[in-house]
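None of these values were measured; they are calculated from a predicted model.
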Amino acid sequence: VRVLREPSHPAASVVSMVFDGVDPTVIGAILDSEYGICVRTGYLCAARIHSAIGSSSGGVLRMSVGPFNTPSEVETAIAAMREIVPSFV
């Protein structure tokens, strides 16, 4: 898993991830159906940039945290990713 972030904004509330050899839509579907977590997947209206960042085979999985998310929800999302991702690596 590679986490992509904007270097000038290290504390940004949006996290994009690339999974080598795994289509991010698969992981997004599992997060939705098994955990009730909504994420965005794919090229996210920026298809040309994905060649440069190395995510041209499926795009990225993007999670964001906003003012209405609780710390518990963030921990649940992290725990879900820890459960899901090892089965693909």
Side-chain angles (χ1 to χ4, degrees):
V1 176
R2 280 187 302 127
V3 176
L4 308 173
R5 66 177 180 83
E6 171 58 48
S8 62
H9 300 288
S13 63
V14 176
V15 178
S16 295
M17 294 167 258
V18 176
F19 304 91
D20 295 326
V22 180
D23 187 325
T25 58
V26 173
I27 296 174
I30 294 169
L31 285 169
D32 180 41
S33 66
E34 295 183 23
Y35 298 89
I37 297 171
C38 297
V39 297
R40 288 204 57 203
T41 61
Y43 297 112
L44 309 176
C45 301
R48 290 186 173 180
I49 193 66
H50 290 278
S51 293
I53 64 174
S55 61
S56 56
S57 62
V60 298
L61 179 141
R62 185 171 74 187
M63 298 178 114
S64 61
V65 178
F68 301 107
N69 292 111
T70 66
S72 175
E73 289 170 328
V74 174
E75 290 298 323
T76 298
I78 293 168
M81 292 298 292
R82 285 187 175 139
E83 287 179 22
I84 295 168
V85 173
S87 63
F88 290 101
V89 240

Nearest non-hydrogen partners of Tyr35 and Ile84, listed with the distance: CE1-CD1, 3.6 Å

Heavy-atom side-chain contact between Arg62 and Val14 under 4.5 Å: yes

Sequence-distant partners of Thr25, side chain to side chain donor-acceptor pair (under 3.5 Å), two or more places apart: Asp23

Non-hydrogen atoms of Pro86 and Met81 that approach each other most closely: CD-O, 4.0 Å

Rounded distance (nearest 0.5 Å) linking atom CG of Asn69 with atom OG of Ser13: 9.0 Å

Residues that Val39 engages under side-chain contact (heavy atoms from CB on, under 4.5 Å), provided they are two or more places apart: Leu31, Ile37, Thr41, Leu61, Met63

Joint hydrophobic cluster, Phe19 plus Val26, side-chain heavy atoms closer than 4.5 Å: yes

